[in-house]
Amino acid sequence: MVRTTAPSTERRPFRPPVTADSFASPLHDRRTAALLGIALGVAFLVAFLTGLISHFIQYPPGWFLWPSRPAGLYRITQGVHVATGIATIPLLLAKLWVVYPHFWGWPPVRGAAHLVERISLIPLVGGSLFMLFSGVANIARWYPWNFNFPTVHYWVGWITIGALVAHVAAKIGITRSELRRRSRDGASEAVPAAALPAADGPGGLGRRGFLTTVATASGLLTLFTVGQTVRPLERLALLAPRRPRTGPQGVPVNKTAAGAVVTELARDPAYRLVVEGRGVQRRLSFTLDELRAMPQRQAELPISCVEGWSSSATWRGVPVRDLLAMAGARDGATVRVQSLQRKGGFKASTLNRDHAVDPDTLLALELFGEPLHIDHGFPCRLIGPNRPGVHQTKWVTRLVVK
Ligand code: HEM
């Protein structure tokens, strides 16, 4: 008698051909993810806080008063912001590589909390990649977008940090237990312990080797760029978009006179500097020769660009506070400093009450003992302590006192 087996009516649960278990490398483990996560968390927090400072200086809310001292503080905060962003690139790429098998996790959703956690990964991963890409493109002066960079970079920063806080809340338990665990390559949910080859064995990069490689990449990127603001490392700034001494009179220029369409106006013998506004008792007007004949002051101050480079220089010119005193400006006045430039976001800037009365806030006429080069703002430019370069207005023609 021939016995036949009846075909089974039981359905086997669907399982996609690729799942989280399909990725064999032991480096896709929780401890590596947790260690890289901590480094990323610190880096993103530092970049976020220093970025907030820069944003509030440029678009100050009513409660925010950025002091004029210490003179080089902005140079440090913005140098740290850009350096941290650059150093974070290898960390982020490594972290995403370590955790990407999770994107094939099956079932994709294991309940409401898991769904929320997964959705929050979209702003976390998308936001992190956007922040680093847009920041690097910006310092390379490449703008492949049509939006206003500071506004979008600022708001995506908030979204990313919000998503990061949610992510840390979801992963803090795992991170803690992974940190407590002593064994080098203990069990991970994603990869069973038995499947793990010796961490530093021949033929494969162990966790320590992998993390050392990532840290080295991060360190080298920093070393080859940070010389754009740290003078002793200037010669190593091979990957930096700017060198601190490259430019007319040995100081870099972002906006030239031709780019700002001010060349003729700046060279016009009819040039005048005017001090006026409702905060003064008398309106004043000066020719360039009259400005030159006034008592001058010399100050050693950096130009500190939002793009992360900075360069110290010796400036000489008329202190703004002397002009305010001559015009009978009221105490605590703020001053709108206007350029000959007619178009563009940085054709004017504001001196808050602290910057307006700082003795080193100058309308500079000279740089390193020579008349200003036209690309540095001839006939006169604003230079003050602890200000971003975009607020050191060039080709100044009017001070409006409020
Ligand atoms: C910008 C920063 C970060 C990004 C883009 C990021 C990205 C990710 C992604 C996409 C996953 C996989 C999620 C899943 O489906 O389970 C993950 C997992 C994880 N992250 Fe982060 N993360 C960041 C920061 C952090 C921080 C600050 C910590 C630590 C406090 C952390 C600790 C972890 C841990 C422990 C896991 C779980 C790994 C596992 O279960 O194998 N991450 N991260």
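Along the sequence shown, the residues carry numbers beginning at 1. The structure presented is a predicted model; accordingly, all values stated were derived computationally and were not measured. In listed order, ligands and their atoms are each counted from 1.
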Closest non-hydrogen atom pair between Pro302 and Ile383, with its separation: O-CD1, 4.3 Å
Which atoms of ligand 1 have any heavy atom of [X] under 4.0 Å away?
X      : value
Ser128 : 1 (C), 5 (C)
Gly41  : 27 (C)
Val125 : 10 (C)
Ala33  : 38 (C)
Phe103 : 10 (C)

State whether the shortest distance between N or O atoms of [X] and N or O atoms of ligand 1 falls below 3.5 angstrom.
X      : value
His102 : yes
His28  : no
His167 : yes

Option whose closest heavy atom lies nearest to atom 13 (C) of ligand 1, chosen from Leu121, Val99, Leu36, Asp29: Leu121
Option set Arg176, Lys95, Met131, criterion heavy-atom distance to atom 31 (C) of ligand 1, minimum: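 Among Arg176, Lys95, Met131, the closest heavy atom to atom 31 (C) of ligand 1 comes from Lys95.
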Pair Asp322 + Arg297, salt bridge at N-O below 4.0 Å: no
Asp21/Arg15 salt bridge by N-O under 4.0 Å criterion: yes
Aromatic centroids of Trp145 and Phe130 separated by under 6.0 Å: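 They do not qualify: ring centres at least 6.0 Å apart.
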Test side chain to side chain donor-acceptor pair (under 3.5 Å) applied to Arg353 - qualifying residues, sequence neighbours left out: none
Strictly under 4.0 Å, does any heavy atom of [X] approach an atom of ligand 1?
X      : value
Ile172 : no
Arg118 : yes
Leu92  : yes

With a sphere of 6.0 Å drawn around [atom1] of [X], does it hold more than 12 non-hydrogen atoms of other residues, nucleotides or ligands?
X      : atom1 : answer
Arg282 : CZ    : yes
Asp331 : CG    : no
Arg231 : CZ    : yes

Heavy atoms only, cut-off 4.0 Å: how does [X] contact ligand 1, side chain, backbone, both, or neither?
X      : result
Tyr100 : neither
Leu164 : side chain
Glu178 : neither

Donor on one side chain, acceptor on other, Ser310 and Ser304, under 3.5 Å: no
Parallel, tilted or perpendicular: rings of His376 and His373 (30°, 60°): perpendicular
